[in-house]
Each structure stands twice: as C-alpha cells, then as structure tokens.
Amino acid sequence: MILVVGGAGYIGSHLVEELVKTSEVIVLDNLSTGHEKAVDPQAIFVKGDLGNERDLKAVFNNYPIKAVMHFAAYSLVGESVTDPLKYYENNVAATLKLLKVMLKYNVKNFIFSSTAATYGIPNVEIINEDSRTQPINPYGQSKLMVENILADFAAAYDLHYVVLRYFNAAGASGSGRIGEMHDPETHLIPIILQHLLGQREQISVFGDDYDTPDGTCIRDYIHVTDLANAHIAALDSLLNAQNKTATYNLGNGQGYSVKEVIDTCEKVTGRKANIIIADRRSGDPARLVASSEKIRQALGWKAERDLEKIIDSAWKWHQSVQ
Ligand code: UFG
C-alpha cells in the first residue's frame, strides 16, 4: 500500500487518480488547502496531520505501507516571505515528523515534491539538476532543506528517495473530475481562464520590462497528469531497486512568456482578454526553464502534453465548475 500525504491537494489528487489504477492507496490530508471530494473514491482517505505523530502512527499501525509520497506543503512564494515560520514549521518540521515515523516503522521509500524555486535566479538558460541551488525565498529554502535532510538520512539510515523538482504545474485531469482549485488563486493559467469566464475583471501582467524577448517572465508549464506519471515512474524505480537516491527536474523543456500564455488561452477559448501591465511581483525570476533529460534517460519519462493541451484541459475543467 502507498501512503500519499497531501493527496487531496491539486497535484496530489491527480497523482492518486493515476496511482489507484495499479496500487492500493491511502491518502492522509488535513484538508487545510485540499478538498476531500478531489480524492479518488478508490483510495482510502484519512483526515489527519503530518505534523501530528499520533495521526501518523494510526496510519502506519493500521496499514502495510511500503512507500510514502509527500505532497503536503504550503507553496505560495509571497506568503513564505511574510510568514516564514508557517513554511519552516509545515514544510520542514512536520516533514521531519513524517520521516521519523517512517523510519520507526521501517518504511524506507520516499518520493518528495520539490520545486524549481530551489534554484532561485538561475545562472543558466536551461536548468539541469546540477545547476546552482540558491533559493531566494523561504518556500524554496524549505524545500531545499528537506532535500538536504533526505541526503543525510539516506547516508545514515538507508532511506531511499526520489526528489522531483516541479516547474509550473498546470492543467486538469482528462477525467473531468478534478482540476486546479486554489483559494486564493495566484497561478497564471487559472487566473486567465477565470477572467475569460467573466469571473475577474482583467488580468494583471506582473512586469513587462524583464530581460526576455517580449519583456514578460518565461516559465516551463507542465501538465499535472504528466507530473503524476513521473511520480509513478519514480515510485517504480524505488520499488524495483533501480534507484536508491535521485533528483529529477520535471518540466516540458520549453519556456513560454506570460504574454504567450495569454495568447494561447485566447486561441484555445476563442475569447479576448483584457490585460493591464502591473508592477513586477517580488521574487519572480525572469526565466525558469527545465531540462528534464535526466529523468528521460533514467526512467524513460517525458512530458506528453504541450501548452495548448494543458490550457485546453484546464479550460474544460473551469467551464465545468463555474
Ligand atoms: N503572473 C502574472 N499575473 C498573474 C499571475 C502570474 O503576470 O496574475 C506571472 C508571474 O509573475 C510569473 C508567471 O505569471 O511570471 C507564472 O506565475 P505563477 O504564479 O503561475 O507561477 P510561479 O512561476 O510564480 O510559481 C510556480 C509555482 C511555485 C514555485 C515557482 C518556482 O507555483 O510553487 O513556480 O519559481 F515556487
């Protein structure tokens, strides 16, 4: 049985929907940002907190867990700057509790959700896993801290792990059952689509004076189901002992500017957006584009869905829940 911590959240619930096809799954989530109805009905759902040893032990005592996938984290960059305690407490301290209980129950396979924010402002065009990691906010710091803890635990306690550094997750499941539903919503693609559905007055483009061809920030958008499939490949690599420790980027390898994303949304939806140019948002690097060559070579995974497919799936989801 696989324990998915944070399996009611956006990325976790998409992973669970894929994982239940081949494995028995138990989800532990405190529903602080997730939604119980997003958890696939084939999975067992337990409401509980990863920072609470009693909740964790109840799960490990009652179910034969062979691996843990950990999605339960706060992930708003801006909030992490104004409230770092919340980030270090949940993303680092609570994760330590989870790892401690895992080791106590001799569960040694761990998949960890990390982020492009570990790289900070990159000093290369295309980021690979050996690129400099120098986070510029507590969110990125908190994830890098856990990455370092995992390396120490692997050496000392024979923990086996895969770290997955996501670039910009977006899109919705092809099932039509789940999609991106943050409150508040801060992510570009859902904001554009909500605007195109008449739920927002306009779109603010955060800065058009970056050192990029059209002046707006460039990101690497990856479909959430592609992310889910990468997790399953990573899990298999631990369970079949192909990997003991590994760190992989997960992206499409292609960057799109904010303006290009808006253009693609207009094309997919056939609607016209009302845009204003606003100030830069603090902590935004001009360009974040991944090389995912390492995981392609090691595990044969690559992103299958391009930006148009990502937006098309998100558009169907947003229309269905409006
Ligand atoms: N943007 C706008 N207007 C908006 C919202 C976003 O112009 O209303 C811009 C942002 O400034 C950025 C781009 O659109 O340039 C993408 O922004 P998102 O908020 O969608 O995503 P981020 O790149 O900021 O964040 C993502 C993840 C974080 C992770 C980060 C790594 O959501 O968890 O990548 O840098 F930390």
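Order of appearance sets the numbers: ligands from 1, and atoms from 1 within every ligand.
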L197 side chain near Q319 side chain, heavy-atom distance below 4.5 Å
yes
At what distance, to the nearest 0.5 angstrom, does CD1 of I26 lie from CG of L3?
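Spacing of CD1 (I26) from CG (L3) equals 6.5 Å.
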Is the closest basic N to carboxylate O distance between D211 and R287 below 4.0 Å?
no
Partner set under side chain to side chain contact (heavy atoms under 4.5 Å, CB included) for S204, not counting sequence neighbours:
F206, I276, A278
With sequence neighbours left out, write down each residue that passes side chain to side chain donor-acceptor pair (under 3.5 Å) with K104, or none if nothing qualifies.
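Scan of K104 (side chain to side chain donor-acceptor pair (under 3.5 Å), adjacent residues dropped) gives none.
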Any protein N or O within less than 3.5 Å of an N or O in ligand 1? List each pair with its distance, or say none.
residue  : atom   : partner : partner atom : Å
ligand 1 : 3 (N)  : S204    : O            : 2.7
ligand 1 : 7 (O)  : S204    : O            : 3.4
ligand 1 : 7 (O)  : F206    : N            : 2.9
ligand 1 : 11 (O) : D284    : OD2          : 2.5
ligand 1 : 17 (O) : R281    : NH2          : 3.4
ligand 1 : 19 (O) : T186    : O            : 3.4
ligand 1 : 19 (O) : R281    : NH1          : 3.2
ligand 1 : 19 (O) : R281    : NH2          : 3.1
ligand 1 : 20 (O) : L188    : N            : 2.8
ligand 1 : 21 (O) : N168    : ND2          : 3.1
ligand 1 : 23 (O) : N168    : ND2          : 2.9
ligand 1 : 23 (O) : R219    : NE           : 2.8
ligand 1 : 24 (O) : R281    : NH2          : 2.6
ligand 1 : 32 (O) : H187    : NE2          : 2.8
ligand 1 : 33 (O) : S75     : O            : 3.4

Side-chain hydrophobic cluster, 4.5 Å single linkage: members besides L76
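Members other than L76 - counting any ILVMFWY side chain reachable under 4.5 Å - are Y74, V77, Y87, Y139.
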